Amino acid sequence: MSSKIPVMSARERTPLDPSITPAQINHLVESFYGKVRQHETLGPIFLREMGEDWGPHLHKMKHFWASVLLKTGSYKGKPVPAHARIQGVTTENFHEWMDLFEEEVYAIFSPEAAPLLLATAQRIAQSLWLAMFADPFATPPAKFGSRAA
């Protein structure tokens, strides 16, 4: 009888879509948060939470999206507890975030990659929304859709 524990091979890290690049992710994060910063309602929320130096958050978001889209494993944070403690956010703010995000995704990514990325972002947004509002019987933010096929 062998006392060795069998070792499973590492799961292949397959990107969400082969056309997605780290440069696109960096562009998405920079351009999206640039628009968030200027947004009438989202800007003050983010400013209150992050202060004037958005650099650390942008760095974290680049790793987050690289982990999600390219399967890099470089993000080590816990987004649900971080978002659950934010005060004053409404469901409408989620819609605003999603509208800005959708616009940037379609401007940066291929027509094949954009819907995949948005479906992933939708699941993430719904998870964060549930964590913040803690009501599984309420209606989460609607799907991206103003441009999706």
Side-chain angles (χ1 to χ4, degrees), residues 10-149:
R11 195 174 100 201
E12 186 179 348
R13 295 182 184 259
T14 305
L16 184 67
D17 185 86
S19 71
I20 297 173
T21 67
Q24 287 175 311
I25 293 169
N26 288 339
H27 184 195
L28 172 66
V29 170
E30 294 286 341
S31 63
F32 171 70
Y33 282 101
K35 288 188 177 185
V36 165
R37 190 173 205 144
Q38 301 304 316
H39 194 272
E40 181 180 346
T41 54
L42 296 177
I45 294 168
F46 278 80
L47 182 62
R48 183 183 72 233
E49 294 299 317
M50 297 187 302
E52 290 292 331
D53 183 8
W54 289 39
H57 184 68
L58 297 181
H59 179 77
K60 186 183 294 185
M61 291 300 91
K62 289 174 184 177
H63 283 283
F64 173 79
W65 286 109
S67 290
V68 170
L69 303 176
L70 300 176
K71 311 295 189 227
T72 64
S74 64
Y75 177 75
K76 304 298 180 199
K78 296 180 180 181
V80 171
H83 286 81
R85 68 176 172 256
I86 299 172
Q87 299 296 310
V89 175
T90 67
T91 297
E92 180 58 30
N93 297 139
F94 271 84
H95 291 290
E96 294 166 334
W97 183 98
M98 291 166 67
D99 288 345
L100 287 178
F101 194 78
E102 180 180 22
E103 182 179 308
E104 291 306 300
V105 166
Y106 275 104
I108 296 167
F109 295 90
S110 73
E112 297 77 27
L116 299 173
L117 197 159
L118 292 174
T120 300
Q122 174 70 33
R123 287 189 298 275
I124 293 166
Q126 287 179 340
S127 294
L128 295 176
W129 183 86
L130 283 169
M132 293 179 78
F133 294 98
D135 184 355
F137 300 104
T139 304
K143 289 183 177 183
F144 292 105
S146 63
R147 301 176 192 209

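Given the structure is predicted, the values throughout are model-derived calculations rather than measurements.
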Is L16 close to V68 at the side-chain level, that is, under 4.5 Å between some pair of heavy atoms? no
With sequence neighbours excluded, what pairs up with S19 under the side-chain hydrogen bond (donor to acceptor under 3.5 Å, both in side chains) test? D17, S110
Tell me every residue that passes side-chain contact (heavy atoms from CB on, under 4.5 Å) with H57, counting only those two or more places apart in sequence or in another chain. Y33, F46, M50, M61
First locate atom CG of L118, then atom CD1 of I124, and finally report the distance between them rounded to the nearest 0.5 Å. 11.0 Å
Which residues satisfy the salt bridge (charged side-chain N to carboxylate O under 4.0 Å, His left out) test with E96, sequence neighbours excluded? none
Under the salt bridge (charged side-chain N to carboxylate O under 4.0 Å, His left out) test, residues paired with K35 that sit two or more places apart: E103, E104
Return the set of residues passing ring pair (Phe, Tyr, Trp, His ring centres under 6.0 Å) with F32 (not counting sequence neighbours), or none when no residue passes. W97, F101
Pairing residues for H39 by the ring pair (Phe, Tyr, Trp, His ring centres under 6.0 Å) criterion, not counting sequence neighbours: none
Taken in chain and number order and not counting sequence neighbours, the residues that satisfy side-chain contact (heavy atoms from CB on, under 4.5 Å) with N26 are K62
What pairs of residues pass the salt bridge (Lys or Arg N to Asp or Glu O under 4.0 Å) test when at least one of them lies in residues 80-89, not counting sequence neighbours? none
Sidechain-backbone polar pair: R48 side chain, Q87 backbone, donor-acceptor under 3.5 Å: yes
Would you please name every residue forming a salt bridge (charged side-chain N to carboxylate O under 4.0 Å, His left out) with E52, sequence neighbours left out? R37
Check side-chain hydrogen bond (donor to acceptor under 3.5 Å, both in side chains) between H83 and all other residues, then give those that pass, not counting sequence neighbours. none
Considering all heavy atoms, the nearest F94-V89 contact: CE1-CG1, 3.9 Å
Is there side-chain contact between L58 and E30, with at least one heavy-atom pair below 4.5 Å? yes
Which residues share a side-chain contact (heavy atoms from CB on, under 4.5 Å) with S74, sequence neighbours left out: H63, A66, S67, T72
Check side-chain contact (heavy atoms from CB on, under 4.5 Å) between S127 and all other residues, then give those that pass, not counting sequence neighbours. none
